[in-house]
Amino acid sequence: MYDAPHTERDVDQQDIKISARKVQVYYGTTHAIKDVDCDIEDKTVTAFIGPSGCGKSTFLRCLNRMNDTIDVCRVEGDISIDGEDIYDKRVDPVQLRAKVGMVFQKPNPFPKSIYDNIAYGPRIHGLAKSKADLDEIVEKSLRRGAIWDEVKDRLDAPGTGLSGGQQQRLCIARAIATEPEVLLMDEPCSALDPIATSQVEELIDELRQDYSVVIVTHSMQQAARVSQKTAFFHLGNLVEFGDTGKIFTNPVDSRTESYITGRIG
Amino acid sequence: MTDASMDTPRPRRAKTSLVSEDARTKKRNAAEKRFQAYGIAAIATGLFFLAVLAFSIVRSGLPAFTTTVVDVNFTLTQEQFDEAEGQLFKTKAYSGYFITALQKKLEAENVQVAFDEAAIERIMGKIGGTLREYYTANPDQLGQEVAFKLNASSRVDGYFKGRVQRETLQDSRFLTLADLDLVDALAEAGIVHSAFDWGFITGADSGVDNPGGAGIGASVVGSFFMMLVVLFLSLPIGVAASIYLEEFAPQNRWTDMIEVNISNLAAVPSIVFGILGLAVFIQFMHLPQSAPLVGGLVLTLMTLPTIIISTRASLKAVPPSIRDAALGVGASKMQSVFHHVLPLAMPGILTGTIIGLAQALGETAPLLLIGMVGFVARGYPDGFISGFTDPNSAMPAQIYTWAARADQAFYEKAWGGIIILLIFLLTMNIIAIILRRRFERRW
């Protein structure tokens, strides 16, 4: 069993990567996110926890403007990455998403070969100058995605033919192939079994070396295992945000404590 | 009161055995069986009618594919040719030679029958003219035996196919009872017999007085050019419209209205499109009448809603996770649509298109109004461009024209035309199935 006593891990102070101020999100007339202030650090895993419908996924999707695809969704407030407002009129969401990669709840490889799954992002962004370049990017990404050894002999096989855990690692490899600076993960393990989950968690921990990782999870154990910072959302409010160790051992807010101890959810 | 009733324990359900059905289960199972029986009965009824339809089409239509021919080996010498050409009634001389030859042949076969020139002309047309035409064009064949294959008149053809019967035949200038005796004698000698009629498949329509010469070929070509117009207009327009509506357009009152209108257009009677085409394309834009180009334009209007509806349905069926995945790696909206969504929706789009085309292929009503019905296509277009602009007919319009003509022989042609039309429709549907199988991908 994978075991990581993160609660005792000391947390280095890192630079602020993403900074959110007074973020409001509305779905039509529903006020889904209320007044959220949050600073997400570089080279850190930040976990968003909270009961279903509390707005953690919505907030995550604000960070790479995936909410733009929903007609009725409206975002107010400031979110900036490296000091640049991502909701500025001049920002092209496509460029933003190349910088802020995303992994979804359900593994969603393209119905194409494993190679093409990884190569798609670099191709559309023009990251590879030659076939050899592209091959290198694919191999590097699959290695970083901890799936290279399992698929190196069948890069032409369809990505949809892999097992659930492999598919999700393929999706992570696909997300890092475009060399993002931030990686958003929306419940990446909810469709996986415990073994696949622990593989993905290990991977997340490794990715921390280079990326700022934000993960939404329903599993508090997972949050405790992989993250250095934890944010607890409840009914659209960011109730508490701080070092993971502190949130799980000594929460300030009574609602956090109730949730962590399983009394609300 | 309340207390008492609350205190009394609820009576336990009576103990029942699992191996025997209780009354409720029996009723439920009976209802289920009845429902299945209704379903099977409905399917059986449908199949029965289909079988009746197919049988009657084949039975009535098959005779259209055969024709009655007169096979005669005939030799004309140089002297006979010169002699005939020197006479005043040249064709009469030719038919004289032919009749003599025919009589000799019948004597050799030991068949006794008397006939004159008029009877021969009633049976196989103006033989003198045919012979003269042939030998003037091919003088090198003089003195050699030539096998002539002449089409029997449509009444003789009808006699062979059972359409014309001795009992009901009244002597007319077209056919007499004595002629039938001659036909029987000729058939006995092996001179008159049935043969497959390639002319029906490759030929053009003939006039009302010559049902034997009518073929569906030219109208197949007309239908082909119409379908080309429909395909190359409705597929790109329909797919572009559906992609925009489904993937890009905001959801508001305008798009809702457009959506409702498209659905309504699919239900508009086709004759309305015909009158629209007449008003816009012919009267206002002055495009040529009866042309496959105009027919194609009208049918495009009719096919568009079908293609848009099926394309939108297949775009909707692509899981949203694929769009998310593409957007998530930084693809633009258009890239996500063209690289990922469209390929996955392709089988549905192709199937919808082919079904739309098949519908258009069988459409007659709009063609009535733009003049493609009633036009007698006497030949093929000369080239590719004139295929679009020359007056022509289309398969269903040709069938309609034939069915409306008085001569019984055309009725048979109409059924034959239906068989050809159905073969085309069947082929298109099979292609749709094959394309669907080939392009279908799982995710």
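Here is how names work: the chains are called A, B, and so on, in the same order as the sequence lines, proteins then strands, and each is numbered from 1.
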Looking at CG of D324(B) and CD of Q105(A), how far apart are the two atoms once the value is rounded to the nearest 0.5 Å? 11.0 Å

Please step through side chain to side chain contact (heavy atoms under 4.5 Å, CB included) for the pair V94(A) and K333(B), ending with a clear verdict. CA-CA 9 Å; V94(A) 169; K333(B) 187 86 193 156; over 6 Å; no

N108(A) side chain vs I322(B) backbone, donor-acceptor pair below 3.5 Å: no

Nearest heavy-atom contact between R174(A) and V329(B) is CG-CG1, 3.7 Å

Look at atom CD1 of I275(B) and say whether more than 12 heavy atoms of other residues, nucleotides or ligands are closer to it than 6.0 Å. no

More than 12 non-hydrogen atoms from neighbouring residues, nucleotides or ligands closer than 6.0 Å to CZ on F248(B), yes or no? yes

Evaluate whether atom OH of Y26(A) has more than 12 neighbouring non-hydrogen atoms of other residues, nucleotides or ligands under 6.0 angstrom away. yes

What residues of residues 64-90 of chain A sit under 4.5 Å from chain B when you count only heavy atoms? M66(A), T69(A), D71(A)

By ring-ring contact (aromatic ring centres under 6.0 Å, His included), F233(A) pairs with (sequence neighbours left out) F48(A), F59(A)

Any chance NZ of K43(A) has more than 12 other-residue heavy atoms, nucleotides or ligands included, within less than 6.0 Å? yes

Is it the case that over 12 heavy atoms from other parts of the model lie below 6.0 angstrom from the OH atom of Y27(A)? yes

Point-to-point distance, once rounded to the nearest 0.5 Å, from OG of S332(B) to CD of Q95(A): 12.0 Å

A331(B) to Y120(A) - nearest heavy-atom pair and separation: CB-OH, 3.7 Å

Take the angle between the ring planes of F110(A) and H340(B) and call it parallel below 30°, perpendicular above 60°, tilted in between. parallel

Has the side chain of H339(B) got a donor or acceptor atom that lies under 3.5 Å from a matching backbone atom of I124(A)? no

If you count heavy-atom pairs under 4.5 Å between each of K99(A), R97(A), K106(A) and chain B, which one has the most? R97(A)

To the nearest 0.5 Å, what is the distance between CG on L327(B) and CE on M102(A)? 11.0 Å

